[in-house]
Amino acid sequence: MLPGLCRIALENAFLEAAWIRHHRTGGSEHALQVAIDSAERFQEVAAFALFGNVSRSSDVKEEMRRRYGSPACSLIQQCQKGAHPDGASIPNPHRFVTDVENLAQKIRKPEVTA
């Protein structure tokens with residue numbers, strides 16, 4: 001249950017980053033809503049936040065590693081696994097939540113693209 005809740009927190013951080021990125025580029029509210037509605041999976045939401053394009057979901061893992069390091073990829077993997085019935089084992093829940101919170105804060109501050 002905890003990883004699933006943390007996944008929701010990260011997804012919301014990606015949505016916030018997507019909103020910021022979209023508005024920085026002058027996109028319309030309607031276009032933003034259409035893109036968000038088309039993002040059915042976590043990876044697609046992340047791709048929209050990172051690249052402005054939901055179809056780049058296959059590039060998310062490498063971009064997360066580049067921006068935030070390998071531990072970020074591991075956290076996301078644990079959150080995704082924990083959101084499914086077979087779950088994920090979290091040996092130190094307090095540290096896990098702190099790590100997810102720190103990653104969410106980083107995600108909320110999208111990189112400025114040139």
Side-chain angles (χ1 to χ4, degrees):
M1 185 164 151
L2 179 62
L5 293 173
C6 288
R7 178 184 172 188
I8 292 168
L10 289 174
E11 188 169 278
N12 285 330
F14 278 120
L15 287 171
E16 188 175 328
W19 185 89
I20 291 167
R21 183 183 208 288
H22 187 76
H23 286 283
R24 281 184 183 164
T25 61
S28 73
E29 289 291 328
H30 177 71
L32 175 65
Q33 193 59 52
V34 168
I36 289 171
D37 289 346
S38 72
E40 296 178 6
R41 298 180 359 223
F42 179 88
Q43 293 291 104
E44 292 171 342
V45 172
F48 185 61
L50 296 169
F51 310 112
N53 185 339
V54 297
S55 66
R56 290 193 59 192
S57 61
S58 63
D59 298 328
V60 167
K61 186 174 182 178
E62 187 55 39
E63 185 65 13
M64 289 297 295
R65 182 175 285 111
R66 184 188 74 75
R67 290 187 189 197
Y68 311 114
S70 293
C73 296
S74 178
L75 272 177
I76 288 172
Q77 186 177 18
Q78 287 177 295
C79 289
Q80 288 180 298
K81 186 176 180 183
H84 297 285
D86 55 341
S89 175
I90 306 299
N92 187 338
H94 293 287
R95 181 177 174 103
F96 182 75
V97 169
T98 299
D99 290 346
V100 168
E101 179 182 15
N102 291 336
L103 178 57
Q105 291 303 322
K106 291 175 186 174
I107 290 168
R108 285 187 174 97
K109 298 175 184 165
E111 290 183 345
V112 178
T113 55

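Keep in mind that what you see is a predicted model, and the values were worked out from it rather than measured. The figures here come from the full heavy-atom set of this structure, side chains too, leaving out hydrogens, waters and symmetry mates. Sequential numbering from 1 along the given sequence is applied to the chain's residues.
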Please lay out, stage by stage, how Lys106 and Arg67 fare under the test side-chain contact (heavy atoms from CB on, under 4.5 Å). CA-CA 9 Å; Lys106 291 175 186 174; Arg67 290 187 189 197; over 6 Å; no
Any side-chain heavy atom of Met64 within less than 4.5 Å of one from Leu50? yes
Do Asp37 and Gln33 have side-chain N/O donor and acceptor atoms under 3.5 Å apart? yes
Interatomic spacing from CG in Leu103 to SG in Cys73 - rounded to 0.5 Å: 9.0 Å
Is it true that atom CD of Gln105 has more than 12 heavy atoms of other residues, nucleotides or ligands lying nearer than 6.0 Å? yes
Hey, does Val100 have a side-chain heavy atom less than 4.5 Å from the side chain of Cys79? yes
What I'd like to find out is whether the side chain of Trp19 reaches to under 4.5 Å of the side chain of Glu29, using heavy atoms alone. yes
Ile8 CD1 to Leu15 CG distance, which is reported to the nearest 0.5 Å: 11.5 Å
Okay, side chain of Glu44, backbone of Glu40: is any donor-acceptor separation there less than 3.5 Å? yes
For Pro3 and Ile90 the tightest heavy-atom approach is CG-CG1, 3.7 Å
Parallel, tilted or perpendicular: which fits the ring planes of His22 and Phe48, with parallel below 30° and perpendicular above 60°? tilted
Non-hydrogen side-chain atoms of Gln43 and Gln80 separated by less than 4.5 Å: yes
So, for Val60 and Ala46, which heavy atoms are closest and what is the spacing to 0.1 Å? CG1-CB, 3.8 Å
For the CD1 atom of Ile20 and the CD1 atom of Ile107, what is their distance to the nearest 0.5 Å? 12.0 Å
Run the numbers on Gln78 and Arg7 for side-chain contact (heavy atoms from CB on, under 4.5 Å), then give the verdict. CA-CA 9 Å; Gln78 287 177 295; Arg7 178 184 172 188; over 6 Å; no
Locate the shortest heavy-atom distance separating Phe96 from Leu2; write the atom from each residue and the value. CD2-CD2, 4.2 Å
Any idea which heavy atoms bring Arg65 and Ser70 closest together, and the distance? NE-OG, 3.4 Å
side-chain contact (heavy atoms from CB on, under 4.5 Å) between Phe42 and Ile76: does it pass, once the steps are laid out? CA-CA 10 Å; Phe42 179 88; Ile76 288 172; 3.5 Å; yes
Which atom pair, heavy atoms only, marks the closest approach of Ala18 to Leu32? O-CD1, 4.3 Å
Shortest non-hydrogen contact from Arg41 toward Ser57: NH2-OG, 3.8 Å
